[in-house]
Amino acid sequence: MDSTKAEASSPSKRQEDIAPSTSGASSKGESRLSKKSSLKRRRGEQKNAKAKKRKKARVARSSQVGYTVHQGEDMLLVISSTTSHYSDSAWTLQKKGRKKKSLSKGKLKAKHSNKKKAVPAKSRSENNAIVKTAEETTVFVPQKTADNRWGVSVPEEVLSNIFQMVVVQDGAVPFLCRVGRVCRLWNAAASSPVLWRKVTISHCWIAPGKKQLPTTQHKIKDTINWLAQSRFSQLREFSLCHWKDNVNYAVEMVSHLCPHLRSLSLSYCTGLTTRAFDSLGLHSRSLQSINLQYSEFQVEGLLEYLENHGSQIKQIWFTQGLKNDRLLATISRGHCPHLELLEVNTKLDSKDCELSVCIQALQMACPKLKTFRMLNVRPLHKSMRNAADSASGFPLLEELCIATTSYSYMTDKDLWDILFNSTKLRVLDLRGCSRITPSGLASIPCLELECLFWGLYFSSHIGSSSPKKGLHMVTHKWNQTLQQLDVANQLFTEEDLEIAMSFLAQAKEADTLRSLNLSGTRITPPALRSVIGHTTALTYLNLSSCRYLPRGVKRIYRGQEEIHQLLDILN
């Protein structure tokens with residue numbers, strides 16, 4: 001029994017002896033696992049920490065400049081991109097390659113090579129070049145503090161002279177209004193009253209043909225009022241173009257606030273009433289020129305103004321109409337004794353273009369007339385019943401223009417009645433006057449005529465008349481003074497044209513003739529060769545539709561070079 005107990009107890013002891021050993025082994029395994037897991041956690045934490053650090057560093061790092069600046073020729077700076085194929089010209093930092101995340105399923109994966117290129121060691125010469133370019137760029141690139149230095153240092157008088165050049169070419173409005181908003185210096189220079197002596201205002205607020213809202217009209221009135229008060233103190237010439245509203249207000253403000261106003265021009269304007277003319281008579285004591293071409297106005301207001309203040313007017317332009325005929329009668333009654341320029345015109349498509357004119361009454365009423373124009377108007381001469389036999393004529397007349405695109409009633413006698421005492425005539429425009437003859441032109445008393453326009457430009461009578469003769473009398477009389485000659489579509493004979501051109505070639509001064517229009521004439525190569533070979537200042541030659549010239553020559557020539565080439569062809 002004891003032995004069995006002992007044996008039974010012995011295995012239990014053995015198990016007890018073995019149990020501690022197995023428990024120790026398991027504890028060791030658990031400790032190893034815990035160590036591995038802790039190591040993994042530490043590694044994961046380290047990886048996360050590195051990733052976080054990289055992410056922070058990536059955000060904080062400044063982006064690289066995408067261009068470089070070099071000094072080129074003639075003190076110019078050349079800006080080149082570092083991404084272009086010219087990147088070898090300057091050294092740039094190499095960016096490290098980065099792996100891009102793969103795209104989601106169903107999309108193509110972008111494959112980029114992440115190989116790092118080895119950056120060669122920079123030589124000393126390259127370093128010197130980099131330093132040199134950096135020094136050069138720092139010298140020529142302006143600093144922020146000195147960007148506006150030239151605008152502050154430029155004197156106001158210099159800016160005013162520069163603005164004056166632009167104003168002469170493009171006008172004061174809207175140039176000076178926009179320039180004045182740049183800075184205080186430019187505003188002071190643009191506010192000089194000298195720059196605002198000639199102002200033309202057209203469609204600055206609204207397009208033509210559209211109605212103006214009340215707010216727009218209010219803005220227009222405020223702008224006119226501000227300009228008249230703060231800019232127009234020395235205004236001399238004022239013009240309105242294509243105004244349909246507020247014409248009266250603008251004229252009244254300008255006449256009231258501009259005491260030096262000398263010229264008023266309204267082109268394609270409507271709505272000018274008697275009130276505006278009354279304001280001109282009360283305030284504009286220096287007004288000398290009125291231009292009302294293609295504008296609608298109350299004729300009674302202008303007639304009343306001329307009757308009361310016509311003695312100060314020297315220039316008048318107006319368009320012939322049903323009621324405007326009374327203006328010429330008022331002028332012929334002597335209300336404008338100092339008139340120097342008178343122009344009456346009509347539109348090219350107008351049908352009623354006949355105008356009754358009493359030349360003798362006009363000569364007596366306007367003895368100082370220098371320019372008399374009747375454009376596209378057929379004058380009907382009227383005679384005075386009690387006219388003096390010894391009329392004075394127009395002794396100071398320098399320009400006479402009776403041109404029309406249609407037929408004209410002007411004859412040699414009518415021309416003599418106008419110019420019998422005009423010895424100072426310089427410009428004579430008789431385009432469309434087919435009844436004028438060369439003998440009638442040659443009888444004019446003026447001896448120094450410079451411009452003669454005698455072409456025919458209406459298609460209904462071209463080629464219907466018989467050949468003419470006598471052009472040589474005209475060129476023989478004024479060959480020393482003629483600068484411009486136009487005999488387009490005049491059917492003179494070939495012999496007569498050749499003689500006339502020979503007289504032009506006999507001029508003492510070869511640089512007198514500058515423009516010659518022989519379009520549609522019977523000019524021949526020998527006659528043309530004599531003129532071109534002698535004149536040296538000829539810059540315009542019209543040979544279109546000249547049937548007696550060879551092919552390739554019948555065109556318009558501009559410039560001395562083209563005319564010399566024509567002379568080589570004719571020779």
Shortest non-hydrogen contact from Gly520 toward Asn489: CA-OD1, 3.6 Å
Take a 6.0 Å sphere around NE2 of His476 and say whether it holds more than 12 heavy atoms from other residues, nucleotides or ligands. no
Aromatic plane relationship, His242 with Tyr268 - under 30° parallel, 30 to 60° tilted, over 60° perpendicular: parallel
Does the Arg236 side chain pair with the main chain of Gln234, one donor and one acceptor, at a distance under 3.5 Å? yes
If you count every heavy atom of other residues, nucleotides or ligands that lies below 6.0 Å from Arg555 atom CZ, does the total exceed 12? yes
Given 3.5 Å as the limit, does a donor-acceptor pair link the side chain of Trp317 with the main chain of Ser265, or not? no
Identify the heavy atoms of Lys370 and Leu397 that sit nearest to each other, and give their distance. O-CD1, 3.4 Å
Which donor-acceptor pairs under 3.5 Å do the side chains of residues 157-185 make with protein atoms, sequence neighbours left out?
| unit_1 | atom_1 | unit_2 | atom_2 | d |
| --- | --- | --- | --- | --- |
| Ser160 | OG | Glu156 | O | 3.0 |
| Asn161 | ND2 | Glu157 | O | 3.3 |

Looking only at side-chain N and O atoms, does Ser191 offer a donor or acceptor that is under 3.5 Å from a partner on Asn187? yes
Nearest heavy-atom approach of Ile556 to Arg558 is CG2-NH1, 3.7 Å
Backbone N or O of Ser202 within a donor-acceptor pair of the Trp243 side chain at under 3.5 Å? yes
Report yes or no: does Ser295 contribute a side-chain atom to a donor-acceptor pair with the main-chain N or O of Gln293 at less than 3.5 Å? yes
Just by modelled atom types, is the Leu538 backbone N or O under 3.5 Å from a matching donor or acceptor in the Gln560 side chain? no
Backbone N or O of Leu425 within a donor-acceptor pair of the Glu399 side chain at under 3.5 Å? no
What closest approach, in Å, do Asn225 and Met253 show between heavy atoms, and which atom pair accounts for it? OD1-CE, 3.1 Å
Leu441 and Lys477: which non-hydrogen atoms are nearest, and at how many Å? O-NZ, 4.4 Å
Any salt bridge between Glu237 and Arg197, counting N to O under 4.0 Å? no
Going by atom types only, do Thr405 and Asn376 share a side-chain donor-acceptor pair under 3.5 Å? yes
Exam field: side chain Asn421 to backbone Ser392, donor-acceptor pair closer than 3.5 Å: yes
Decide whether Thr481 and Glu448 meet the rule of one side-chain donor and one side-chain acceptor closer than 3.5 Å. no
Write out all pairs satisfying salt bridge (Lys or Arg N to Asp or Glu O under 4.0 Å) with one or both partners inside residues 428-446, taking only residues at least two apart or from two chains. Asp429-Arg431
Inspect the contact between Lys424 and Glu398 and indicate whether a charged nitrogen and a carboxylate oxygen are less than 4.0 angstrom apart. no
Under a 3.5 Å distance rule, please check whether Asp412 uses its side chain to pair with a backbone N or O of Asp414 as donor and acceptor. no
If you look at every heavy atom in Asp417 and Phe420, which pair is closest and at what distance? O-CD2, 3.3 Å
With side chain to side chain contact (heavy atoms under 4.5 Å, CB included) as the test, would you mind laying out the steps for Leu257 and Gln229 before giving the verdict? CA-CA 7 Å; Leu257 298 175; Gln229 291 180 357; 3.6 Å; yes
Would you say Asn345 and Glu343 are linked by a side-chain donor-acceptor pair, where the criterion is simply a distance under 3.5 Å? yes
Does Asn542 reach the side chain of Tyr557, with side-chain heavy atoms less than 4.5 Å apart? no
Using a cut-off of 6.0 Å, state whether more than 12 heavy atoms not belonging to Lys314 lie near its atom NZ. no
Using a 3.5 Å distance criterion without hydrogens, assess whether the side chain of Thr437 forms a donor-acceptor pair with backbone atoms of Gly440. yes
Does any N or O in the side chain of Ser255 come within less than 3.5 Å of the main-chain N or O of Glu252, such that one atom is a donor and the other an acceptor? yes
